[in-house]
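Notes follow once the structure below has been shown.
Note on naming: letters A, B, ... go to the chains in the order of the sequence lines (proteins, then strands), and numbering restarts at 1 for each one. The figures that follow rest on heavy atoms only: side chains count, while hydrogens, waters and symmetry mates do not.
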Amino acid sequence: MDKYILIPLLPLIAFAINIIFGRGIIKDRAHYIAIPAVFGSFVLSVIAFAEVAGGKVINYDIYSWIVSGDFRVSIGFLIDQLTVIMLIVVTSVSLLVHIYSVGYMHGDPGYYRFFSYLSLFTFSMLMLVMGNNLLQLYLGWELVGLCSYLLIGFWYKKKAPADAGKKAFIVNRVGDFGFGIGVIMIFLFLGTLNYTEIFGSIGMLTGQTINIAGFNVDLITVIALLLFLGAVGKSAQIPLHVWLPDAMEGPTPVSALIHAATMVTAGVFMIARFNPVFSLSETAMWTVAIVGAVTALFAATIALVQNDIKRIVAYSTVSQLGYMFLACGVGAFGAGIFHLYTHAFFKALLFLGAGSVMHAMAGELNIQKMGGLKKHMPVTYWTFLIASLSIAGIPGLAGFFSKDEILWMAYNAGSLGKFTWIVGTAVTALTAFYSFRIVFLTFHGKFRGTSKSDNRQEYHLHESPKVMTMPLVVLAVGAVAAGWVGIPELLGGGNWIGYFLEPVLGRPEITATYTEKWMVISIAIVAALAGVFMAWMFYLLKPEIPKNLAMKFKNAHTILWNKYYVDELYDFAIERPTKWIASNVLVAVTDNKIIEGVVNGLPAAIRNFGEKLRKVQTGYLQHYAMGMAIGLFVILALVVIAAN
Amino acid sequence: MIVPIPDLTPVTPEIIMTVSAMVLLMLELIVKNKSIIAFLGIATAGAVFYVIPMSYGETFGGMFISDEFSAYFKFIFLINLVLTILISLKYIQRQKSNYGEYYSILLFATAGMMIMASAGDLIVLYLGLELMALSTYILAGIKRHDIKSNEAAIKYFLLGAFSSALLLYGISLIYGLTTTTNIYKIGEYLGEAGASPAVLLSMALIIAAFSFKIAAAPFHMWAPDVYQGAPTSITAFMSVGPKAAGFAVIVRVFYVAFAEVQADWTAILIGIAILTMAVGNIMAIAQTNIKRMLAYSSIAHAGYMLLGIIAGTQAAVEAMMVYILIYAFMNIGAFAIIILLERGDELKDYEGLAKAHPLIAAIMLVFMFSLIGIPPTAGFIGKFYLFKAAVDAGYTWLVVIAVIFSAISAYYYLRVVMNMYMKELKEEAPIYLTPSLGLAILITVLMVIIIGVMPSTVSG
């Protein structure tokens with residue numbers, strides 16, 4: 001057994017042990033199993049990273065499940081530059097979230113269950129990124145979806161988490177349906193699901209068309225768009241973004257791990273992995289870029305006015321994922337992955353910081369009721385501030401370099417690229433604004449929650465235990481330094497990560513000039529600083545401004561406050577008609593009459609038939625012998641007929 | 001005239017098995033502890049397993065053939081024997097049928113099956129078949145004091161006699177036509193002379209007789225009554241051994257002796273296969289007794305296995321052979337659980353089992369999933385290879401029918417699962433776990449999972 005198998009296997013073993021023995025024996029000691037396992041995976045991932053960085057690419061099948069003719073179902077690993085980046089992200093964030101959860105989930109009756117799900121998720125995510133074939137990707141894809149569902153609805157006895165879990169699952173069905181068809185089409189037209197073979201032969205499909213509802217559509221475009229639909233669902237892009245903000249009902253460590261750093265980025269990973277396919281379809285590429293850009297803007301505007309700390313960060317995640325898609329869409333897959341990697345650190349940090357705040361505020365989520373927490377929880381404050389500076393794109397921090405790379409690549413990519421660049425730059429300002437809105441409202445100013453006298457909230461304020469703040473500090477280091485692997489040449493760096501990923505993801509040709517590059521960077525920096533400054537002015541200097549603005553632009557504010565009414569739109573356009581159809585057509589007619597008729601009726605008919613037939617089985621020997629004789633007679637009769 | 005002693009090497013496994021059976025019969029008078037006899041039975045199986053690979057060859061002028069084909073089936077018979085002994089140990093004691101001859105008769109029955117698999121001549125085939133059949137009649141009725149067991153034995157015996165008569169009639173006809181009973185010579189003769197209506201007649205009779213052995217419709221009606229009445233350990237034994245032996249002789253007789261009329265017997269077998277799948281699956285739905293349900297399930301499985309014969313390619317026959325092996329594990333495993341629970345054989349006795357014994361319920365779930373053919377269990381692999389081979393041979397429509405019936409079968413298998421997991425536990429559910437029974441369950445469940453996860457272990 002080689003060491004690569006152990007990377008996903010260790011968390012799987014931890015899952016098995018905790019789920020079997022958790023309830024009876026292990027109980028609140030579950031982390032003693034889960035943490036060493038994920039730590040082992042992390043160490044092995046680092047070793048794998050070092051090997052790949054040394055020029056080794058590993059691609060092999062561990063074992064083939066079914067081999068029959070040219071149909072092959074196998075489990076295998078492809079460990080290349082893209083995979084090792086994902087491995088580092090997944091195992092490191094997972095490890096920190098595991099540690100943080102020891103404090104955060106302390107005393108929860110489902111403690112062992114929580115850790116076993118975390119292990120299962122880590123295993124699934126690792127299988128997803130390590131696979132060398134589409135089927136394994138799909139399997140991991142569905143498994144992480146399942147874990148996400150289980151963890152969102154972790155407190156399943158409460159209604160909201162249970163509903164949110166269902167919502168996530170159902171919305172993802174839409175995307176996964178498309179994804180599934182895409183996978184099937186690839187197998188149908190190429191006869192293989194192995195990455196190397198797909199990428200080797202996808203070129204054969206160039207120029208082929210497929211007839212859909214009378215239109216001849218480019219085959220590769222159809223396949224790419226179907227795959228992209230899966231990514232839209234998993235990575236919460238418009239119009240399937242609605243599940244992610246609701247997913248915040250889950251425990252906060254889960255939000256950090258699954259709904260910020262890892263699972264939601266699976267869509268970006270998949271598109272990057274399939275860059276040889278996407279690159280062949282300009283239509284698909286532009287769809288990806290535009291969906292990404294629009295989502296980035298759309299989610300950022302919603303985040304401006306929300307008050308729930310976790311939801312703001314969730315919309316921020318949707319927006320940042322939009323950035324990554326934007327990058328992929330303009331052909332800068334490397335920049336997308338770079339941002340995925342830096343984002344994992346500062347976004348996990350924001351969530352864990354928010355969790356720490358919630359911990360101190362006894363579950364309070366409304367930032368309007370916070371304020372002045374800085375002096376009570378310094379570690380949380382400083383780390384949260386670093387994460388905010390990083391996401392805002394303040395020069396020198398991780399988020400700055402990756403975001404700058406994306407904006408630069410977008411600018412570089414023709415006229416539609418210029419459009420996405422403008423959107424992206426605007427989003428930079430918005431991101432800086434809403435991020436610092438949280439910082440100022442939560443940590444600065446005066447405390448606005450229930451005071452000492454009438455309630456315990458203020459009295460209760462305290463820094464979180466070490467086991468929770470330690471991961472914050474480690475992530476803060478990542479939020480600062482993670483980007484240093486991608487400092488552009490312009491600023492005296494080597495853009496190491498860009499060249500590292502180039503063998504897998506390629507690099508678009510640079511056509512723009514140095515001057516333009518300076519301009520892009522300068523504008524981005526100005527936008528970020530402007531955002532921070534505006535937030536400072538609005539929420540610390542003149543707190544009456546936001547209220548006045550909300551009054552003055554009441555309609556705009558209401559629209560944003562209600563998140564563009566997307567949920568309501570879906571409720572109106574999909575949910576209610578569906579429910580109406582469900583209750584009036586499906587239940588009344590299809591279900592009660594047709595399906596029940598078939599599902600209950602058919603078995604009932606078969607059962608009735610069986611009951612009748614059973615009467616043949618009388619128990620009388622003579623009847624049995626007669627049955628045999630009749631059977632023989634029929635055969636003989638047929639033989640005689642055949643012979644003549 | 002000096003008659004040369006024939007080469008006995010190819011028959012060594014059968015000789016060991018038979019001699020051991022006789023020795024055990026006599027030992028039973030001296031040895032009071034029946035477990036020792038059981039252990040000797042297992043040791044015999046081990047010895048036979050060891051000598052089979054060394055026994056390849058023909059003897060008795062081609063009447064007896066030991067080749068890889070027969071060796072594979074003998075391997076299945078030995079697995080069947082060992083697992084049956086393991087699940088029998090304490091069980092027959094509880095059934096107050098702890099007679100020493102139980103084990104030696106099991107060995108005799110196995111010897112009969114082995115002779116069938118190696119038969120190169122219809123007379124030898126008949127010899128083996130009767131040895132197997134007579135032994136199983138006795139085993140079915142080994143609960144002497146139990147009226148149901150007696151009924152099972154007498155029904156099985158009388159109908160078995162009927163089918164034997166059909167077989168003998170078929171053999172005599174073909175002997176009259178070709179002046180030989182050697183399977184290969186019959187094949188050669190018919191190849192040269194062509195088929196006459198009398199050949200078809202003989203073929204039809206032999207099909208009927210073999211269909212009885214594999215419990216294919218409409219010659220299946222003995223199975224539910226006998227399976228239900230016989231001691232559960234014997235039901236497990238009968239549901240695998242004679243069926244596997246039946247398929248072994250079907251392959252040899254039809255592919256070799258009746259190769260000339262392949263189109264005719266294929267057509268008949270298609271009809272039988274469809275009818276068998278239909279009767280087995282539909283009747284299983286109506287059952288309330290789990291042993292009876294599994295009896296119909298075993299009928300249904302015979303229908304699937306027939307697909308391998310019908311398809312007529314080497315891949316299909318191999319897939320069928322793999323299927324029988326897989327079937328042996330999952331079916332005996334399911335019966336082992338029934339023995340373990342012994343609260344009653346009714347489906348309602350399984351209600352709430354998951355709450356009382358989660359591990360046992362989980363294992364039963366594995367067996368039920370495997371019988372349905374849900375991945376990643378062995379049952380899926382078996383069906384996948386079998387159906388794929390049939391599709392490749394051009395029988396897509398037949399596979400569609402088989403898949404539909406497989407879907408129907410989910411209804412009654414899942415009902416067991418539903419009873420275990422979704423119903424409330426009403427009363428205590430005592431279990432009778434002994435080391436040997438535990439070992440049998442462990443072996444079967446592991447094999448079902450291992451084959452399911454790593455099919456290369458059997459497909460090679």
Side-chain angles (χ1 to χ4, degrees), chain A residues 16 19-21 23-24 61-75 135 139 598-644, chain B residues 151 154-155 158-159 162-163 166 195-201 203-205 207-209 211-212 216-222 224-225 261 263-264 267-268 271-272 275 278-279 281-287 292 296 315 375-376 380-381 384-385 388-389 392 408 411-412 452-456 459:
Chain A
I19 201 79
I20 296 173
F21 301 109
R23 190 197 300 234
D61 281 353
I62 308 167
Y63 102 103
S64 295
W65 184 42
I66 291 180
V67 181
S68 187
D70 45 350
F71 180 70
R72 193 174 87 236
V73 180
S74 52
I75 298 280
L135 197 72
L139 216 68
V598 175
V599 171
N600 288 339
L602 192 65
I606 293 172
R607 203 165 49 227
N608 282 339
F609 185 54
E611 298 281 356
K612 293 219 173 70
L613 216 60
R614 206 178 165 178
K615 301 214 170 75
V616 179
Q617 194 81 25
T618 50
Y620 286 113
L621 197 57
Q622 298 90 319
H623 293 171
Y624 294 179
M626 182 62 97
M628 288 171 67
I630 292 172
L632 180 63
F633 180 77
V634 171
I635 294 175
L636 288 176
L638 290 174
V639 165
V640 170
I641 294 166
N644 294 325
Chain B
E151 184 192 329
I154 199 77
K155 275 181 180 167
L158 288 172
L159 293 171
F162 187 29
S163 86
L166 298 179
S196 65
V199 173
L200 294 179
L201 187 61
M203 175 199 77
L205 288 163
I207 285 183
S211 296
F212 177 85
F219 310 97
H220 67 284
M221 292 169 100
W222 59 275
D225 293 14
V261 287
D264 297 85
I268 295 172
I272 290 181
L275 189 64
V279 166
N281 285 311
I282 292 171
M283 293 287 282
I285 287 177
Q287 304 307 318
R292 230 176 145 75
Y296 282 107
F380 168 76
I381 301 298
F384 176 80
Y385 282 118
K388 172 121 190 351
D392 288 345
I408 291 177
Y411 180 86
Y412 56 86
V453 177
M454 291 184 289
S456 50
S459 62

If I measure from the heavy atoms of chain A, does [X] come under 4.5 Å with its side chain, its backbone, both, or neither?
X: B:Leu200; answer: both
X: B:Phe212; answer: side chain
X: B:Ile408; answer: side chain
X: B:Leu159; answer: both

On a heavy-atom basis, which atom in [X] and which in [Y] lie closest, and how many Å separate them?
X: B:Ser211; Y: B:Phe219; answer: CB-CD1, 3.4 Å
X: B:Leu166; Y: B:Ala208; answer: CD1-CB, 4.0 Å
X: B:Ala204; Y: A:Leu636; answer: CB-CD2, 3.6 Å

Original post:
Which region of A:Leu621, side chain (C-beta onward) or backbone (N, CA, C, O), has a non-hydrogen atom less than 4.5 Å from a non-hydrogen atom of chain B, or is it both or neither?
Top reply: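 Both parts, backbone and side chain.
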Original post:
Quick one: do the B:Asn281 and B:Tyr411 side chains pair a donor with an acceptor below 3.5 Å?
Top reply: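 Per modelled atom types, B:Asn281 and B:Tyr411 side chains form no pair under 3.5 Å.
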Original post:
Got a second to check how far A:Tyr620's OH is from B:Met221's CE, nearest 0.5 Å?
Top reply: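 It comes to 13.5 Å.
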Original post:
Of all of B:Asp264, B:Ile207, B:Ile154, B:Leu201, which one pairs up most often with chain A through heavy atoms under 4.5 Å apart?
Top reply: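 Sorted descending by pairs with chain A, the first entry is B:Leu201.
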